[in-house]
Amino acid sequence: MKLPFEMQEFTRINLDTTINSGQVFLWDKIDGVWYGVNGTEILRVRQNPFEIISSQKKPSDFFRQDDNIEKILNEINKDNLVRSAVKRFPGLRLLRQDPFQCYISFICSSNSSIQNIKQMLKRLCHKFGKETYFEGREFFTFPDAEKLTNTHVKDLLSCGLGFRAKYVKEAARAAYSGSIEFDFLKKIDYNSAKQDLKEIYGIGNKVADCILLFSLEKLEAFPIDIWTQRILQKYYSKKFSGLAEKSLTEKNYESIHKKILEYFGQYAGYSQQFLFKMERDLNKRNWL
DNA sequence: TCATCACCTGGAGA
DNA sequence: ATCTCCAGGTGAT
C-alpha cells in the first residue's frame with residue numbers, strides 16, 4: 001500500500017524550497033518577502049500569510065496552483081527514495097515560467113554554476129530589460145526576443161555570457177523570427193517539441209528538457225544532468241539495468257528517459273525535482 | 001554512433 | 001597573492 005500524501009503539510013507551497021530548487025534564477029528574498037522576474041511580469045510573494053501579487057492585471061499561474069499535487073505525489077511515489085525526498089521537502093513544486101525567459105536562462109546554464117547563471121541573467125535584464133517600479137521597488141524585466149535579436153554579441157559578452165553569447169543571440173533570433181514558437185510547442189507532444197527545441201544552436205537534451213518541464217507544460221520531461229546522473233547511478237542502477245552507468249550519449253539519454261517514464265509515470269518531472277533537490281542539499285556546499 | 005576536447009567566466013580552494 | 005580547478009552541457013572533430 002502506498003503512503004498517501006494528503007496532509008496539508010505536503011499540499012501547501014513552500015516558497016523557500018521551491019525557489020531554491022534550481023528552477024529559477026531571478027528571485028530575491030528581501031525582508032522575508034520573495035520578489036521575482038517572470039518575463040515582463042514582476043511577482044511579489046509572501047509565505048505567511050500566503051499571498052501573490054503580480055504586476056500584471058492578469059497574473060500568470062506561476063506557482064502551478066492548478067496542479068493536483070496530491071495526485072501527483074501519490075503517482076510518483078514509487079520507492080523509498082522518492083518517498084523520503086517528498087517527506088523531506090514538503091511544499092516543493094514545479095513552476096510555470098515565462099517560456100522565452102526559461103529558454104534563454106537554460107541556454108545560459110550550460111557548463112556554468114548557479115551563482116554564475118544568476119549573474120548573467122541579472123546583467124541581461126539590467127542591460128536589455130525594461131526598468132519598472134513595482135511595490136515601491138525598482139526592477140528590470142527580462143528582455144524580449146526582439147531586443148536580444150537586435151543586440152550585438154559583444155554586448156552579450158559584456159554580461160558575462162562567454163561562449164553562450166552566440167547561442168543566446170541565435171536562439172533569440174529563432175524565437176523572434178517565429179521559427180520556434182512556444183505556444184505551438186505547448187500544444188504538440190513532448191517528443192516533437194523536444195525535437196524542435198534541439199534544432200536550436202546551444203540546446204541539447206538536458207536544456208531542452210528543462211525548458212519543456214519548467215515552461216512548456218511537459219511534466220514527463222526529466223532533465224538528466226550531472227546530478228541526476230549521480231542519482232541514477234547511486235540508487236537506480238539495478239532498476240534501470242545498468243543504463244545509468246553508461247555515458248550520456250544521444251541514444252542513451254533517450255533510452256534512460258523511456259525507462260524513467262515507464263517507472264515514474266506521466267509526472268516524472270516532478271520526481272526529478274524532488275530527487276535533484278535532495279541530492280544537491282545532501283552535498284551542501286552552498287549550491288545556491 | 002561514440003569518445004574527446006575546447007569553451008567564457010567567476011568563485012572557491014589549494 | 002597566484003594558480004588551478006570546476007561549474008546543472010553543447011558543438012565540433
Side-chain angles (χ1 to χ4, degrees), chain A residues 17-27 85 92 94-95 97 101-124 126-127 151-172 174 180 194-215 221-234 242-257 260 268-288:
Chain A
T17 305
T18 298
I19 290 169
N20 291 326
S21 66
Q23 308 177 61
V24 285
F25 305 99
L26 292 173
W27 284 76
L92 172 60
L94 284 174
L95 298 170
Q97 303 181 38
Q101 177 174 335
C102 187
Y103 169 79
I104 298 297
S105 297
F106 281 93
I107 287 173
C108 287
S109 76
S110 82
N111 198 31
S112 191
S113 65
I114 296 205
Q115 281 297 348
N116 239 346
I117 301 164
K118 286 182 178 175
Q119 283 304 313
M120 293 184 231
L121 297 175
K122 201 167 278 185
R123 288 190 276 236
L124 270 186
H126 203 88
K127 195 149 185 156
T151 158
H152 295 289
V153 171
K154 68 171 166 57
D155 292 321
L156 294 175
L157 286 172
S158 76
C159 294
L161 298 203
F163 65 87
R164 306 162 196 84
K166 54 185 184 290
Y167 298 160
V168 167
K169 168 104 177 163
E170 179 55 28
I180 194 104
K194 183 166 182 181
Q195 208 169 346
D196 286 356
L197 279 173
K198 283 169 65 180
E199 294 293 317
I200 305 295
Y201 187 43
I203 298 186
N205 277 307
K206 190 271 177 181
V207 169
D209 274 333
C210 286
I211 299 165
L212 290 165
L213 179 60
F214 302 140
S215 73
F222 189 99
I224 303 175
D225 55 39
I226 183 71
W227 292 99
T228 323
Q229 238 186 127
R230 276 173 208 169
I231 293 165
L232 294 177
Q233 287 173 10
K234 272 170 79 174
L243 272 174
E245 288 153 20
K246 295 184 198 164
S247 66
L248 219 47
T249 61
E250 185 71 21
K251 283 228 145 195
N252 200 27
Y253 192 107
E254 191 182 347
S255 162
I256 293 175
H257 180 255
I260 293 270
Y270 256 100
S271 63
Q272 187 270 358
Q273 203 59 26
F274 280 100
L275 293 173
F276 177 80
K277 173 75 175 168
M278 182 160 72
E279 189 67 11
R280 290 289 336 229
D281 259 36
L282 217 61
N283 288 274
K284 293 190 177 78
R285 200 186 282 194
N286 299 340
W287 63 285
L288 290 161

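In what follows, every chain begins at residue 1, and chains take the letters A, B, ... in the order their sequences are listed.
A:Gln23 and A:Ser21 are linked by a side-chain donor-acceptor pair at a separation below 3.5 angstrom, with hydrogens and angles left out of the test.
Atom CD of A:Glu250 and atom P of C:dG9 are 16 Å apart (whole Å). At whole-Å resolution of the value, CZ in A:Phe163 and P in B:dC8 are 7 Å apart. Residue A:Leu156 contributes atom CG, which lies 14 Å from atom P of B:dC8 at whole-angstrom precision. Rounded to whole Å, the distance from CG on A:Asp209 to C1' on C:dT10 is 14 Å. Taking atom CD1 on A:Ile114 and atom P on B:dG11, their separation rounds to 15 Å, with Å as the unit. Atom pair A:Ile117:CD1 and C:dG9:P shows a separation of 8 Å (rounding to whole Å applied). Atom CG in A:Asn111 sits about 15 Å away from atom P in C:dC5, given to the nearest Å. Across the protein-nucleic acid pair, A:Met120 atom CE and C:dG8 atom C1' stand 11 Å apart, rounded to whole Å.
Here the side chain of A:Lys277 pairs no donor or acceptor atom with the backbone of A:Thr18 at under 3.5 angstrom. Under the 3.5 Å distance criterion, the side-chain polar atoms of A:Arg123 are left unmatched by any main-chain donor or acceptor of A:Leu161. With hydrogens and angles ignored, the 3.5 Å screen pairs no side-chain donor or acceptor of A:Ser112 with any backbone N or O of A:Ser109. A distance-only check finds no donor-acceptor pair linking the side chain of A:Ser255 to the backbone of A:Lys251 [under 3.5 Å].
Between A:Phe214 and A:Phe106, the ring planes lie tilted relative to each other; the angle falls in the 30° to 60° range.
Within the nucleic acid shown, A:Gln23 comes within 4.0 Å of at least one base atom, counting heavy atoms only. Among the atoms of the strands shown, only primed sugar atoms or phosphate atoms (P, OP1, OP2) are found under 4.0 Å from some heavy atom of A:Tyr201. Residue A:Ile203 is classed as a sugar-phosphate contact, given heavy-atom separations below 4.0 Å to backbone atoms only. Residue-level contact check: A:Lys166 touches the backbone only, with heavy atoms under 4.0 Å from sugar-phosphate atoms and none from bases. Using a 4.0 Å heavy-atom distance criterion, A:Ser21 is classed as a base contact.
Comparing B:dC8 with C:dT2, their P atoms sit 26 Å apart, to the nearest whole Å. Rounded to whole Å, the separation between the P atoms of C:dT4 and B:dA6 comes to 15 Å. Taking atom P in both B:dA3 and C:dG8, one finds a spacing of 24 Å when rounded to whole Å.
Between A:Tyr167 and A:Arg230, it is A:Arg230 whose nearest contact on DNA chain C lies nearer the 5' terminus. Residue order along DNA chain C, read from the 5' end via each residue's closest nucleotide, puts A:Phe214 first among A:Phe214 and A:Ile200.
Side-chain N/O atoms of A:Ser109 include none lying less than 4.0 angstrom from OP1 or OP2 on C:dG8. Close to C:dA7, at under 4.0 Å from its OP1 or OP2, lies no side-chain N or O of A:Ser112.
With distances taken from any side-chain atom of A:Arg164 to the nucleotides C:dG8, B:dC8, B:dT1, the minimum falls on B:dC8. Side chain of A:Lys251, nearest nucleotide from C:dG8, C:dT10, B:dT1: B:dT1. Set against C:dT10, C:dA7, C:dG8, the side chain of A:Ser110 has C:dT10 as its closest nucleotide. Of the listed nucleotides (B:dC2, B:dT9, C:dG11), B:dT9 has the atom at the smallest distance from the side chain of A:Asn116.
With hydrogens and angles left out, the side chain of A:Lys206 and the base of C:dG9 share no donor-acceptor pair within 3.5 Å.
For C:dT2, the paired nucleotide is B:dA14, the pair qualifying as Watson-Crick or G-U wobble because both relevant distances are below 3.5 Å.
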